[in-house]
*Asks:* 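Take a look at the following structure, please.
Computed over heavy atoms, backbone and side chain alike; hydrogens, waters and symmetry mates excluded.
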Amino acid sequence: MTNASHSPSKQDIPWWKIPHVVFIPVLLLCGVMATSTMVVISAMDQDPVLDKEVYERERRAALALQGQARIDALMAVQPANQGRNHAASPVVPFEK
């Protein structure tokens, strides 16, 4: 005969009470939230697109100056990659 008191087996436990099964959707949800956060952050802090004509005009005006004013003006209008790569030598040689 079978015992009248029914002991819970693995089939009787709901899926949300098994830690390993709950871990998978929680991990996926964390990934979606992190991705959404990164998209929002990157969309809010976009770098502005610079106008090439304005850059060339400011560069020509800087080249027209003399002495320390010219050096300061050239440092202000140099592209970011040149400014970053030549931090120790602030004025980058350029082609004429």
Side-chain angles (χ1 to χ4, degrees):
M1 291 185 119
T2 61
N3 191 354
S5 65
H6 182 65
S7 64
S9 65
K10 290 199 180 227
Q11 286 83 16
D12 293 339
I13 298 174
W15 67 270
W16 60 87
K17 291 189 177 184
I18 303 172
H20 292 91
V21 176
V22 172
F23 180 71
I24 294 170
V26 168
L27 186 63
L28 292 173
L29 184 62
C30 287
V32 168
M33 288 174 38
T35 303
S36 301
T37 302
M38 293 303 293
V39 166
V40 168
I41 289 172
S42 64
M44 289 173 52
D45 295 333
Q46 291 181 2
D47 290 336
V49 177
L50 301 177
D51 188 10
K52 181 97 172 147
E53 293 175 11
V54 172
Y55 166 73
E56 290 296 330
R57 185 175 60 239
E58 289 178 359
R59 186 169 176 270
R60 282 192 301 272
L63 290 173
L65 299 173
Q66 298 294 324
Q68 187 63 35
R70 178 181 182 163
I71 292 172
D72 293 340
L74 286 174
M75 285 174 43
V77 297
Q78 67 183 350
N81 63 343
Q82 289 178 355
R84 180 177 56 246
N85 293 338
H86 298 281
S89 58
V91 178
V92 179
F94 55 89
E95 303 85 31
K96 288 192 178 198

*Asks:* Among all residues two or more places apart in sequence or in another chain, which pass the salt bridge (Lys or Arg N to Asp or Glu O under 4.0 Å) test with Glu58?
*Replies:*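 Testing Glu58 for salt bridge (Lys or Arg N to Asp or Glu O under 4.0 Å), a comparison that skips the adjacent residues, returns none.
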*Asks:* Does Leu65 form a side chain to side chain contact (heavy atoms under 4.5 Å, CB included) with Ile71? I'd like the steps, not just the answer.
*Replies:* CA-CA 9 Å; Leu65 299 173; Ile71 292 172; over 6 Å; no
*Asks:* By salt bridge (Lys or Arg N to Asp or Glu O under 4.0 Å), which residues pair with Lys17, not counting sequence neighbours?
*Replies:*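 If we apply the salt bridge (Lys or Arg N to Asp or Glu O under 4.0 Å) test to Lys17, skipping adjacent residues, there are no hits.
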*Asks:* Between Leu28 and Val32, is there a shared hydrophobic cluster once you connect ILVMFWY residues whose side-chain heavy atoms come closer than 4.5 Å?
*Replies:*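 Shared cluster, no.
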*Asks:* Test of understanding: clusters of I, L, V, M, F, W, Y form through side-chain heavy atoms closer than 4.5 Å, transitively. Do Val22 and Ile24 belong to the same one?
*Replies:*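 No, no single cluster joins them.
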*Asks:* Once you round to the nearest 0.5 Å, how far does CH2 of Trp15 lie from NE2 of His20?
*Replies:*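 Trp15 CH2 to His20 NE2: 15.5 Å, rounded to 0.5 Å.
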*Asks:* So, using side chain to side chain donor-acceptor pair (under 3.5 Å) as the criterion, who are the partners of Gln68 when residues are at least two apart?
*Replies:*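 Gln68 satisfies side chain to side chain donor-acceptor pair (under 3.5 Å) with Asp72 only.
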*Asks:* If hydrophobic clusters are built from ILVMFWY residues whose side chains come within less than 4.5 Å, do Trp16 and Ile13 share one?
*Replies:*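 Shared cluster, yes.
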